[in-house]
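These notes are about the structure you will find just below.
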Protein chains: 2
Amino acid sequence: MSKGAKLCGVTQSAASQHVQEVERRLGAPLLDRAKRPLELTPAGKLYADFCRDVMRQEDEFQLALERLKQEVESTVHVASIYSVGLSEMSRLSEEFSASHPTARLEVEYMRPDKVYAAVSGGQADLGLVSYPQSSREIAAIPWRDEEMRLAMAPTHALAGRQLVLAADLAGIDFIGFDEDLSIRREIDRFLRVRGVTVHMVMHFDNIQMIKEAVALGSGVSILPARSMQAEIERGRLVAVGLEAPGLVRPVGIVHRRRKKFNRAAQAFLELLLPGGAEKARLAG
Amino acid sequence: MSKGAKLCGVTQSAASQHVQEVERRLGAPLLDRAKRPLELTPAGKLYADFCRDVMRQEDEFQLALERLKQEVESTVHVASIYSVGLSEMSRLSEEFSASHPTARLEVEYMRPDKVYAAVSGGQADLGLVSYPQSSREIAAIPWRDEEMRLAMAPTHALAGRQLVLAADLAGIDFIGFDEDLSIRREIDRFLRVRGVTVHMVMHFDNIQMIKEAVALGSGVSILPARSMQAEIERGRLVAVGLEAPGLVRPVGIVHRRRKKFNRAAQAFLELLLPGGAEKARLAG
DNA sequence: GCATATCATAACCTGTACTAATTCTGTCAA
DNA sequence: TTGACAGAATTAGTACAGGTTATGATATGC
């Protein structure tokens, strides 16, 4: 009894009282006190086994929890729209793992509405979207404005130009975005304020398809310059600048308000945007 | 949270504080509080599983404990010397189960020293021994004095007698008990004070073997009358009374001091000896 | 933006579980 | 037996974990 008390870091009295309290609760003696040294009764053996089982289970739980905490603390989940670009992202990913070797970055590409849902639902720490929208529970931080250029097949009549004016696009065969996308509305506005109407021949919900159609000569389009880099290098597309003030696509970082970032998320935010973690904290 | 609190019979505040305390201890949030209704985090799910496991184990333990308590409360373990007699014991056993149908009686036969050890060690609630000895930790209650008679083969010269005097035994072939047994010392004393010496031809540590030897005509012996009943009925032995004051073998009930009896033990003691439970209590 | 539901926080209170001091009990040796 | 000793039980006093009530903060739906 005294030894047990010492092991538990309490006095002999506390141990004695505790054992008696347990016996009272269980309604059965755990120790045979008529003999010294004290012996366990059958009920005592049963209880000891039970306690050992529980302690073993607690150990297992603690271990699992530590693994989980490690996991959660060290990986940042990013939800991104497709058009941020795989090449851009792989560059970021390399930079990140170089500067933070213990952290892990997990990027998942999805439609814009899914990005918001992932951030809102907590599956993603950060979201990358164009035309970022704040809301009650989502905070947005501007990241960068991507220059938009006129995309066309190398064989197109305008392919040799250094600059294209809005007026040049009047009546042109045009491949656009679906009407429910922000980028579509922005392009429409750009053309409308300049009094230009294009001939919309097709529309898609993603950049990849538009690039395909443009390369096949179905028409021209206005796309983020960065998203065409690979096709331009391979000579499949030509991109020409638009008249100043040009068209830009703002890309932003969204996150859930009041949710504090783990180390990895903070680090990634800092990589995207020096001082970004502080900005996010202020944006709440 | 409020519902959970109600289920546990505490206020919402207590529940909220408790969850926060657990989160602090574990170092990980269990609930995602940014959304209502509250959702479990992965750590929360892990913890909930752990708790459910522990509760299930506790239920199992409680069940096992109840069974054990039932067992302990309702069965009396009796350790008895062999010579109390199987027929006597089976009669007692029947009476007991008739008057206490919910209780169980478990009798184990063993050598006298093992009876004391079983009682002392707590394996037996009660012990039945001849020439009962009290000690520091063993209390003895006299149960009954068994008449001792001269045992002989039916063909023996003394077999026709109504009564045998000590003097009749001088120089007779005698089968005795081992020297370390109380009953041997008592018989020796009986003969010595009467100035009689017998011719000890064999000795055994148990009545059964003595009866065999007597029946085979190897000699006479002095044995408890009750222990010979079956052999007398079958005509294998003859028992003749000894001169008054005759020899008796006291049989007693022993139990551990300060150990309180369970229901079954009390009932059995009462059956053996009306008022016995009270006597035992006083004997402590 | 307001009403409602629900969770967090603050201030306070009580019973549990501890410590220190003392008494009781079992064991062992003379 | 008896006395000495070790170790457990008991007692009295106290700190604090964990409760309560009251109030403040925050999300959700109209």
Side-chain angles (χ1 to χ4, degrees), chain A residues 1-41 43-44 47-48 51 116-117 119-122 133-139 254-260 281-284, chain B residues 1-41 43-44 47-48 51 116-117 119-122 133-140 254-260 281 283-284:
Chain A
M1 185 73 77
S2 305
K3 276 176 198 157
K6 199 154 284 174
L7 278 174
C8 297
V10 297
T11 60
Q12 172 268 319
S13 170
S16 180
Q17 288 177 63
H18 176 75
V19 170
Q20 285 177 75
E21 171 58 20
V22 173
E23 286 178 328
R24 196 196 56 71
R25 271 210 293 265
L26 297 180
L30 301 178
L31 295 174
D32 183 345
R33 291 175 169 73
K35 284 240 160 190
R36 216 79 13 126
L38 268 52
E39 278 177 15
L40 282 173
T41 62
Y47 185 66
C51 290
Y116 284 102
V119 169
S120 180
Q133 293 291 327
S134 289
S135 70
R136 181 175 298 276
E137 63 184 15
I138 296 285
V254 294
H255 63 89
R256 203 165 77 180
R257 300 194 123 96
R258 270 175 311 286
K259 180 184 179 182
K260 63 176 181 303
R281 205 182 55 71
L282 295 174
Chain B
M1 187 71 78
S2 305
K3 277 177 197 155
K6 199 155 282 175
L7 278 174
C8 297
V10 297
T11 60
Q12 169 269 317
S13 169
S16 180
Q17 287 177 61
H18 176 75
V19 171
Q20 284 176 76
E21 171 59 19
V22 173
E23 285 176 329
R24 195 195 57 72
R25 271 211 290 266
L26 298 181
L30 301 177
L31 295 173
D32 184 343
R33 292 177 168 72
K35 281 244 159 186
R36 219 68 28 120
L38 267 53
E39 278 177 17
L40 282 173
T41 61
Y47 185 65
C51 290
Y116 285 102
V119 169
S120 181
Q133 295 291 328
S134 290
S135 69
R136 181 175 298 278
E137 64 183 14
I138 297 285
V254 295
H255 62 88
R256 203 166 77 180
R257 300 193 123 98
R258 271 174 311 285
K259 180 183 178 182
K260 62 177 181 303
R281 203 182 56 71

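Within every chain, numbering begins at 1; the chains are lettered A, B, ... in the order of the sequence lines, protein sequences first and strands thereafter.
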Nearest-Å distance, [atom1] ([X]) to [atom2] ([N])?
X: B:Q12; N: D:dT21; atom1: CD; atom2: C1'; answer: 11 Å
X: A:E39; N: C:dG26; atom1: CD; atom2: P; answer: 14 Å
X: B:Q17; N: D:dT21; atom1: CD; atom2: C1'; answer: 11 Å
X: B:L30; N: C:dC7; atom1: CG; atom2: C1'; answer: 15 Å
X: A:E23; N: D:dA8; atom1: CD; atom2: P; answer: 13 Å
X: A:D32; N: D:dA9; atom1: CG; atom2: P; answer: 12 Å
X: A:R24; N: C:dA17; atom1: CZ; atom2: C1'; answer: 13 Å
X: B:H18; N: C:dT9; atom1: NE2; atom2: P; answer: 16 Å

Yes or no on side-chain contact (heavy atoms from CB on, under 4.5 Å) for A:T41 and A:L31, after CA distance, side-chain angles and deciding distance? CA-CA 5 Å; A:T41 62; A:L31 295 174; 5.7 Å; no
On DNA chain D, nearest-nucleotide positions of A:Q20 versus B:T11: which is more 5'? A:Q20
Within-4.5 Å side-chain heavy-atom neighbours: [X] and [Y]:
X: A:E21; Y: A:R24; value: yes
X: A:M1; Y: A:L38; value: yes
X: B:Q17; Y: B:V10; value: no

Is the shortest side-chain N/O distance from B:S16 to OP1 or OP2 of C:dA8 below 4.0 Å?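 Checking B:S16 against C:dA8: at least one side-chain N or O falls below 4.0 Å of OP1 or OP2.
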Can you see if the side chain of A:S2 gets near the phosphate of D:dG7 - specifically, an N or O under 4.0 Å from OP1 or OP2? no
Among [options], which nucleotide has an atom closest to any side-chain atom of [X]?
X: B:E21; options: D:dG18, D:dT21, C:dT6; result: D:dG18
X: B:S13; options: C:dT9, D:dA9, D:dG7; result: C:dT9
X: A:R33; options: D:dA8, C:dT9, C:dT19; result: D:dA8

Specify the closest pair of heavy atoms between A:D32 and B:R256, including all atoms of both residues, with the distance to one decimal.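 Reported closest heavy-atom pair: OD1-NH2, 3.1 Å.
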Of A:P37 and A:V10, whose nearest nucleotide on DNA chain C comes first from the 5' end? A:V10
